[in-house]
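What follows is one structure encoded as structure tokens, with my remarks underneath.
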Amino acid sequence: MAKAVDKQAELKLLYDMLSIRRFEEKAQQQYQMQKIGGFLHLYIGQEAVAVGSVAGCEHRDYIITAYRDHGHALARGMGMNEAMAEIFGKSTGCSKGLGGSMHYFDKKNNMMGGHAIIGQHLPLATGFAFAARYRGEDRVVLAYMGDGAINIGSFHEALNLAGLYRLPVIFICENNQFSMGTAVSRSNPLKEIVNRGAGYDMKSLVMDGMDVRAVRETIADISTKIRTNPEPYWVECRTYRYRGHSMSDPGNYRTKEELEKHKKDDPITNFSATLIKEGLLTDEEYKKMDAEIKALAAESVKFAEASPEPDVSTLHDYTSVVTDPNYQPLPTTPEIKTQNPFHC
Amino acid sequence: MAKAVDKQAELKLLYDMLSIRRFEEKAQQQYQMQKIGGFLHLYIGQEAVAVGSVAGCEHRDYIITAYRDHGHALARGMGMNEAMAEIFGKSTGCSKGLGGSMHYFDKKNNMMGGHAIIGQHLPLATGFAFAARYRGEDRVVLAYMGDGAINIGSFHEALNLAGLYRLPVIFICENNQFSMGTAVSRSNPLKEIVNRGAGYDMKSLVMDGMDVRAVRETIADISTKIRTNPEPYWVECRTYRYRGHSMSDPGNYRTKEELEKHKKDDPITNFSATLIKEGLLTDEEYKKMDAEIKALAAESVKFAEASPEPDVSTLHDYTSVVTDPNYQPLPTTPEIKTQNPFHC
Amino acid sequence: MQMREITYRQALNEALAEELDRDQNVFLMGEEVAQYNGAYKISQGLLDRFGPKRVIDTPIAEAGFAGLGLGASMVGLRPIVEFMTFSFSLVAFDQLVNNAPNMLTMSGGQFHCPIVFRGPNGPAHQLGATHMHATECLFANFPGLRVVIPSTPRDAKGLLKASVRDDNPVIFQEVEMLYSSKGLVEPPMPDFDLVIPLGKANVSREGTDLTVLSYGRTMPMALRAAEEVAKAHGLHVEVIDLRSIKPLDLETILNSVAKTHRVVVAEQGRPFCGIGSELTFQIQEHAFDELDAPIARVSMDEVCMPYSEVLEHAALPSEEKIVAAIKATCGL
Amino acid sequence: MQMREITYRQALNEALAEELDRDQNVFLMGEEVAQYNGAYKISQGLLDRFGPKRVIDTPIAEAGFAGLGLGASMVGLRPIVEFMTFSFSLVAFDQLVNNAPNMLTMSGGQFHCPIVFRGPNGPAHQLGATHMHATECLFANFPGLRVVIPSTPRDAKGLLKASVRDDNPVIFQEVEMLYSSKGLVEPPMPDFDLVIPLGKANVSREGTDLTVLSYGRTMPMALRAAEEVAKAHGLHVEVIDLRSIKPLDLETILNSVAKTHRVVVAEQGRPFCGIGSELTFQIQEHAFDELDAPIARVSMDEVCMPYSEVLEHAALPSEEKIVAAIKATCGL
Ligand SMILES: Cc1ncc(C[n+]2csc(CCOP(=O)(O)OP(=O)(O)O)c2C)c(N)n1
Ligand SMILES: Cc1ncc(C[n+]2csc(CCOP(=O)(O)OP(=O)(O)O)c2C)c(N)n1
Ligand SMILES: [Mg+2]
Ligand SMILES: [Mg+2]
């Protein structure tokens, strides 16, 4: 029985990673056919990070990331249809076609957005954790960023605040070795990215971002701990991006050999092989799963194409909200005064 | 002979610290008499830091600090007259009365300013070091900040850049235990401020900011090293401010006992006692020195009072400069191409 | 109802206390707001009354705690974030102008940010080039932000309470030079819940010869200037306190212009792309034929702010400059 | 002299190369400017030609490297700092608007900052709410900053070279949508040293019926709109390219208004406290009696920028909108 449950969970890891891969391959193709505008940053190669970490936490936990956000959104349960429609700029998109590839939001799944200005989402992450603590909820926050994001001011302010107020945020640096064309050794003076946590006396560790199980276990571990004993963690997650930074990047800053070497670590290939070896999956089943997922991806393009453009008459509808006239304030009660969740 | 030289240098340390103390006592008095506007932040208690560190480096080295800047300017050789005239807003002030207490600048002494927005001067410090390296000059930079400044974004960006480009900047955190009314333990999660350097793999150390000789020696040591092998240092300097944050602060966040305890570490009292003990100074000489300095401070008030206000007709003269028509560009020479001082 | 005379500072303090009391989702955060009771004592007594969960000291990390507030607002809290002055909000600028207003659009309407950023703004006295920024026009440039600037204790209280209850990000800008000024205000809660809707200008003085449009720091100057030209020249000057820059109460402005046909804008800030220029555009757009003379503005001079008192005075708007502009616009 | 047809991108690249070559004190710094040859390839080939001391990649730390540049400029270097886009300059805002312009004043004239901040600015195509900020009015609000925006390859080259030689901080804003546009430009150094002084507007098209004031991205739209109303309605529209927002060439503007008596501003940015509002203030201040109709502006809509192509198009200024504004202002 335990075995059966495990099997489903393990297969879901694979399914989710494969979904991201196939979805993005489709998106890439659509971009090349010029059906998509703006920027498109693919997550291909890094799927184990989003999938493993989301599997390692609870649905009520908030997640937030930068602009390379398709993987996190899909891992969190967003459907391919709304994801694809978003990059088509259609009103059926996850952000109604107003956000685009860099701004996937999914409130029902506690996916708090893709965010396009480097580092500026990290203070928001501390705010979610703050709110959870404020309300006495045992939610934690997963805040993802690239290796290029750790050098900007708001990164620092967020980590410092999280440490000071002991906020339950897992800061996950997806170290894919490059910030655009800049190798990670050329953007900071650190021997290892994990060292950055020491500047905040923050618990820090490295995880293998190509191993979905390792990621899941690490995050499960940390989130269990900080759910009851809130404090932030700094996690360097070593991974690799197989595509260019965005669709316009030919990737001249790395050799073909380097890329091929990293492709040997492919989180999907390796994990499916493991599952097969463990007898949890057959070759046949894998092919069937892949076909199913590819069909969904193809379907999402049709859905996006068939979806309506946002109505031009709605142009002014998303700049301000009408204040909710039915809002119910929560009067102050005496016991709150004595609470001190932020240790100030 | 060596002894004689030493004696002069030792006495100068005392003289400079005492100058800062007496100058600021005068400034405080003038502020209370409402002869001075704006903010006034006194350095009293921290004199050993500016005096010791300036003594530990060369005149060609750049120094830059925040708004609590009188001590650094005077230690660097600014006269009391131009210092006092500045806070009187007079045209004879070090910044022509345009800067005020928070913006002391002294180009001839490589004092690159007091700067009033927390942390925003630290990137400038990296720029001075960058320029020195760019030109092949063996200058180093002393960049001072408060303990409250280490939590803001530009602090982080400056340290990261300095580490990455191996810039010869000594980042000196004057940990006077408070950022306004906020005790240092309430503004960051660190057990010790010195730990912050670890987040940059930066060489880090603590120095006793109440001991002028210790400060001098430490800075002399570091600056000698990095003058030839450029790299930044992170230095926590433990000190204490005896007055309120600014003139409007009664200091209710600390007890009288705490203050009194720290006054036992007075850098001036202790160092003069040491000099007397070592036979380098007599009680008599000390009194004479103090009287002389007090006279200079009193004189500076007279100077400031007698000085003219800036002419209103000059109001528009400091917003833009006229581009120098005689500027001589330095044509590119072939060998520059191969230089790589920033290791990029 | 018995009106009381209280200071602008006290009015703000009451507004904070009443909103904190009314709604647990409201909290106050900023540098020195708790144990120090506020750099300008606006939050005096609030830590004692509401405890350390609701009134929270921050490190010097404006972008960090502004963003923390925004994140908390996205999930339903209603933060009030104090900047010690809005000059320091410039280091948090991206959070304020990018994250705050855009969240609603970027998320396709899923998330909005009911948050107030508040603190003193604009020139005070001899604080020099870096500490006296009038930032209202910078924020007003960004769609999605409300910009509110009270000039009286009553407005300070009523507009702040309205701002806290608004579901959009509000930039609430106070006037340091007015913190100790006094005015009549209704009794505090539970007796009276003073909420002044955003977006309604106030005709602070009626007149028929010329309209002075102002807000915040220059309002008292404008009123004194109006008195002076009344006495000296028999001019009937109408003075309008905009109270909120955004939303802008164009209707009240145009009604006045239709009556007076002459306008002077008195603003605390820099002229270029400032509030005066926007008011001028909108007035001439909608009431071109009503104008009998060019609109004049009294603003900061086009200079970096000097510390020297005499230069500062020369650079800042003043009653005398407003009087001169009124006279010139009336052809006197 | 043989003019060549080159792109706006190439023109910028030449300007950088020529100034780097001319003066060792000049260096170029920014994200991806060196090894990657620039996110938009403006710095193509410069690392190869000038080496890693002069062309320097930075981490993502806009406030840090903007400040580094400012510090270097204070001691006599002449940095050119690239922002990948000016939308990212918002995280470095304090360095740009506080440190850069104020250094001269705060130091009583001892230090000035000969530095250029450059990069694309304003709306591009479908980059969404955070990546398309038109920041010119924000910077233009601050005394002490120059704000320069070229719309042609020739201006791009000549104005950039002038900016590098200016002793003041210059905000040099390029137009991503024009990077591949072509135009005639004089031969490169050593044959010709193309330096176009800052602060001189260009009458790009002469006319007598109405003046369109524009710059940057909307300039080509304005020129096409002028052609269209010429053909369709026989209107003679004068089109002025401001080229620099600060200093502003008011003389050229007023000369035109004295001739046409009607003005439309076409700007890429947000309307409220934008460039159009400032131009309107200054024109009515100096030429009130010359105006036969209210000044109209064509700007972004007052909305946060949506990603959707159709909504984006609806929100942005366009040739059609300029045509409509011209016709309305001429009473057609
Ligand atoms: C403040 C800011 N500066 C610059 C950019 C442009 N930019 C977008 S992505 C990127 C590289 C980020 O690299 P990294 O953080 O490693 O993430 P990855 O792309 O590898 O996922 C840059 C420079 C930006 N979006 N925001
Ligand atoms: C960005 C910014 N935020 C807030 C302030 C207001 N402020 C001025 S001094 C100060 C405290 C600084 O403390 P610390 O860095 O420890 O220096 P100290 O006063 O002890 O010398 C604060 C909050 C400021 N000047 N700049
Ligand atoms: Mg990366
Ligand atoms: Mg301190």
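Values below: every heavy atom of this structure, side chains too, minus hydrogens, waters and symmetry copies. In the text below, chain A, chain B and the rest are named by the order of the sequence lines, each starting its count at 1. As the structure is a computational prediction, the values presented were derived from the model and not from experiment.
A pairwise comparison of heavy atoms in F130(A) and L68(C) identifies CG-CD2, 3.6 Å as the closest pair. The shortest heavy-atom contact between S320(A) and G144(C) is OG-CA, 4.2 Å. When all heavy atoms are compared, the tightest approach of G64(C) to L161(A) is C-CD1, 3.4 Å. The heavy-atom pair separating I56(C) from C344(A) by the smallest distance is CG2-SG, 3.8 Å.
How far NZ of K108(A) is from CD of Q110(C): 7.0 Å, rounded to the nearest 0.5 Å. Note that CG of L124(A) and OG of S73(C) are 8.5 Å apart. Values are rounded to the nearest 0.5 Å. R49(C) contributes atom CZ, which lies 9.5 Å from atom NZ of K337(A) (distance to the nearest 0.5 angstrom).
Between the side chain of E157(A) and the main chain of F65(C), no donor-acceptor pair closer than 3.5 Å is present. A donor-acceptor contact shorter than 3.5 Å links the side chain of T105(C) to the backbone of Y318(A). A donor-acceptor pair under 3.5 Å is absent between the side-chain atoms of S107(C) and the main chain of S95(A), judged by distance alone. At least one donor-acceptor pair under 3.5 Å links the side chain of N168(C) to the backbone N or O of V321(A).
With a threshold of 4.5 angstrom between heavy atoms, N99(C) approaches chain A through side-chain atoms but not through N, CA, C or O. For chain C, the nearby part of H115(A) is the side chain; its heavy atoms alone come within less than 4.5 Å. The contact between L20(C) and chain A is made entirely by backbone atoms, counting heavy-atom distances below 4.5 Å. Proximity to chain C is absent for every atom of S91(A), based on heavy atoms less than 4.5 angstrom apart. Looking at Y165(A), the atoms closer than 4.5 Å to chain C (heavy atoms on both sides) all sit in the side chain, from C-beta outward. Both the backbone and the side chain of T58(C) come within contact range of chain A, each with at least one heavy atom under 4.5 Å from a heavy atom of that chain. Within the 4.5 angstrom heavy-atom criterion, atoms from both the backbone and the side chain of F128(A) approach chain C. Looking at E62(C), the atoms closer than 4.5 Å to chain A (heavy atoms on both sides) all sit in the backbone: N, CA, C or O. Neither the backbone nor the side chain of T338(A) comes within less than 4.5 Å of any heavy atom in chain C. For Y104(A), no part lies under 4.5 angstrom from a heavy atom of chain C. Only the backbone of D48(C) comes within contact range of chain A, judged by heavy atoms closer than 4.5 Å. With a 4.5 angstrom heavy-atom cutoff, L159(A) does not touch chain C via any of its atoms. In this structure, the portion of D94(C) lying under 4.5 Å from any heavy atom of chain A is its side chain and not its backbone. Neither the backbone nor the side chain of V55(C) comes within less than 4.5 Å of any heavy atom of chain A.
In terms of heavy-atom pairs under 4.5 angstrom with chain C, the leader among P329(A), P334(A), A132(A) is P329(A). Interface remark: of the candidates P101(C), G51(C), A34(C), P52(C), P52(C) forms the most heavy-atom pairs closer than 4.5 Å to chain A. Annotation: maximal heavy-atom pairing with chain C below 4.5 Å, among V322(A), N110(A), I117(A), L167(A), occurs at I117(A). The candidate from R133(A), R135(A), K96(A) with the greatest count of non-hydrogen atom pairs under 4.5 Å with chain C is R135(A). Ranking G99(A), A131(A), P331(A) against chain C, the residue ahead of the rest is P331(A), based on heavy-atom pairs under 4.5 Å.
Two residues are said to be in side-chain contact when any heavy atoms from C-beta on lie closer than 4.5 Å; T333(A) and Q24(C) meet this criterion. Residues I336(A) and F50(C) have side chains not in contact (no heavy-atom distance under 4.5 Å, counting atoms from C-beta outward). Residues N160(A) and P59(C) form a side-chain contact, since some pair of their non-hydrogen atoms from C-beta on lies under 4.5 Å apart. Annotation: side chain of M112(A) is in contact with side chain of V75(C) (closest heavy-atom distance under 4.5 Å). R165(C) has its side chain out of reach of T323(A): every pair of non-hydrogen atoms, C-beta onward, lies at least 4.5 Å apart.
A donor atom on one side chain and an acceptor atom on the other are found under 3.5 Å apart for T332(A) and R54(C). A donor atom on one side chain and an acceptor atom on the other are found under 3.5 Å apart for Y327(A) and N25(C).
Summarising the local packing, CZ of R22(C) is surrounded by more than 12 heavy atoms from other residues, nucleotides or ligands at distances under 6.0 Å. For E251(C), the CD atom is loosely surrounded, since the number of other residues' heavy atoms within 6.0 Å does not exceed 12.
Under a cutoff of 6.0 Å and an axis angle of 45°, K53(C) and F342(A) do not form a cation-pi pair. Taking the ring axis of F111(C) as reference, the NZ or CZ atom of K107(A) stays within 45° of it and closer than 6.0 Å to the ring centre.
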Requested in this report: Apply the test side-chain contact (heavy atoms from CB on, under 4.5 Å) to residues M74(C) and Y62(A): give CA-CA distance (whole Å), side-chain angles for both, the deciding distance (0.1 Å), then the verdict.
Outcome: CA-CA 12 Å; M74(C) 286 171 71; Y62(A) 297 110; over 6 Å; no
